[in-house]
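Report on the following structure.
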Amino acid sequence: VQLMESGGGLVQAGESLRLSCVASGSISRIWPMAWYRQAPGKQRELVASITGSGATDYGDFAQGRFTVSRDNAKNTVFLQMDNLKSDDTAVYYCKAGGRSAESRLSHPIYWGQGAQVTVST
């Protein structure tokens with residue numbers, strides 16, 4: 001399984017970005033998917049997750065500003081980020097697999113290479 005993120009870049013505070021993550025290989029549409037981020041000197045943290053059926057969960061900082069979605073037909077998960085702040089500057093990683101809250105099955109975990117998001121003030 002390979003995950004390829006795209007859509008990162010440099011934006012000004014208040015602007016928006018949309019990240020995409022395309023999964024290739026033996027991945028099922030029931031697998032949970034998630035976005036994490038890691039800023040310099042900080043631990044990796046959960047941004048948003050989405051189950052195979054579309055149930056979502058967000059980190060507190062992402063509530064109301066970020067939206068995660070998926071297109072199972074295209075094996076793609078998206079992260080729409082609005083009203084970006086300088087604190088959102090980080091490398092954003094796509095994750096596939098892990099434990100499904102719906103099926104309670106555990107799937108192998110895969111990570112993408114990361115996409116840099118830089119928000120200037």
Side-chain angles (χ1 to χ4, degrees):
V1 173
Q2 289 187 325
L3 304 177
M4 182 65 68
E5 300 105 333
S6 62
L10 172 64
V11 296
Q12 292 189 336
E15 294 184 339
S16 299
L17 274 177
R18 188 191 196 206
L19 302 181
S20 299
C21 172
V22 180
S24 60
S26 299
I27 185 169
S28 169
R29 57 189 59 190
I30 68 171
W31 283 27
M33 303 284 289
W35 289 96
Y36 283 73
R37 72 182 188 183
Q38 187 166 19
K42 295 186 177 181
Q43 290 188 331
R44 191 172 295 191
E45 60 181 349
L46 175 68
V47 178
S49 64
I50 185 167
T51 68
S53 64
T56 58
D57 190 27
Y58 296 90
D60 289 343
F61 62 86
Q63 289 279 1
R65 297 190 300 127
F66 295 3
T67 303
V68 62
S69 60
R70 65 192 292 167
D71 182 341
N72 287 334
K74 297 181 179 179
N75 278 348
T76 302
V77 63
F78 304 97
L79 182 67
Q80 176 68 39
M81 303 184 291
D82 298 320
N83 189 22
L84 283 162
K85 305 175 181 179
S86 59
D87 288 347
D88 296 319
T89 295
V91 178
Y92 285 70
Y93 297 91
C94 177
K95 173 190 171 185
R99 189 175 185 276
S100 170
E102 295 170 335
S103 68
R104 300 185 181 181
L105 295 175
S106 290
H107 306 282
I109 294 174
Y110 299 92
W111 292 91
Q113 83 290 348
Q116 177 68 49
V117 172
T118 303
V119 184
S120 64
T121 55

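Scope of the values below: all heavy atoms of this structure, side chains included, with no hydrogens, waters or symmetry mates. Everything quoted here is computed from the prediction, not taken from an experiment.
No path of Ile, Leu, Val, Met, Phe, Trp and Tyr side chains, each step under 4.5 Å between heavy atoms, connects Val68 with Tyr36, placing them in separate hydrophobic clusters. A continuous path of hydrophobic side-chain contacts links Trp111 to Val91 [ILVMFWY only; heavy atoms under 4.5 Å]. Under the 4.5 Å side-chain heavy-atom criterion for grouping Ile, Leu, Val, Met, Phe, Trp and Tyr, Ile50 is connected to Tyr92 within one hydrophobic cluster. When hydrophobic clusters are built by joining Ile, Leu, Val, Met, Phe, Trp and Tyr residues whose side-chain heavy atoms come closer than 4.5 Å, directly or via intermediates, Tyr110 is not grouped with Phe78. Hydrophobic clustering, with ILVMFWY side chains joined whenever heavy atoms are under 4.5 angstrom apart, groups Ile109 together with Leu46.
For the pair Phe61/Lys85, no side-chain contact is recorded, criterion being any heavy-atom separation below 4.5 Å from C-beta on. Side-chain contact check for Arg99 versus Arg104: some heavy-atom pair is nearer than 4.5 Å. You'll find the side chain of Lys74 stays beyond 4.5 Å of the side chain of Val22, heavy atoms only.
Within a 6.0 Å sphere centred on CD of Gln38, other residues, nucleotides and ligands contribute more than 12 heavy atoms. In Gln63, the CD atom is crowded: over 12 heavy atoms of neighbouring residues, nucleotides or ligands sit closer than 6.0 Å.
Once rounded to the nearest 0.5 Å, the distance linking OG1 of Thr67 with CZ of Arg18 reads 10.5 Å. The line from CD of Glu15 to CG of Asn83 is 11.0 Å long, rounded to the nearest 0.5 Å. Note that the OG1 atom of Thr121 and the CG atom of Leu84 stand 13.0 Å from one another [nearest 0.5 Å]. Considering CD1 of Ile30 and NE2 of His107, their distance stands at 4.5 Å, rounded to 0.5 Å.
Residue Leu79 comes nearest to Trp35 through the heavy atom pair CB-NE1, 3.5 Å, listed as atom of the first residue, atom of the second, then distance. Contact detail for Ala90 and Gln116: the closest heavy-atom pair is O-NE2, 3.5 Å.
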request  = With side chain to side chain contact (heavy atoms under 4.5 Å, CB included) as the test, would you mind laying out the steps for Leu105 and Trp31 before giving the verdict?
outcome  = CA-CA 9 Å; Leu105 295 175; Trp31 283 27; over 6 Å; no

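Between the side chain of Thr89 and the backbone N or O of Val119 there is at least one donor-acceptor pair closer than 3.5 Å. Remark: side-chain polar atoms of Arg70 are not paired, donor with acceptor, to backbone N or O of Pro32 under 3.5 angstrom.
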Quick one: side chains of residues 3-13, donor-acceptor pairs under 3.5 Å with protein atoms, not counting sequence neighbours, listed by atom name and distance.
from: Glu5; atom 1: OE1; to: Gln113; atom 2: N; distance (Å): 3.0
from: Glu5; atom 1: OE1; to: Gln113; atom 2: NE2; distance (Å): 3.3
from: Glu5; atom 1: OE1; to: Gly114; atom 2: N; distance (Å): 2.9
from: Glu5; atom 1: OE2; to: Cys94; atom 2: N; distance (Å): 2.7
from: Glu5; atom 1: OE2; to: Gly114; atom 2: N; distance (Å): 3.3

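Sorted by first and then second residue, the salt bridge (charged side-chain N to carboxylate O under 4.0 Å, His left out) pairs involving residues 37-60 (not counting sequence neighbours) are Arg37-Glu45, Arg37-Asp88.
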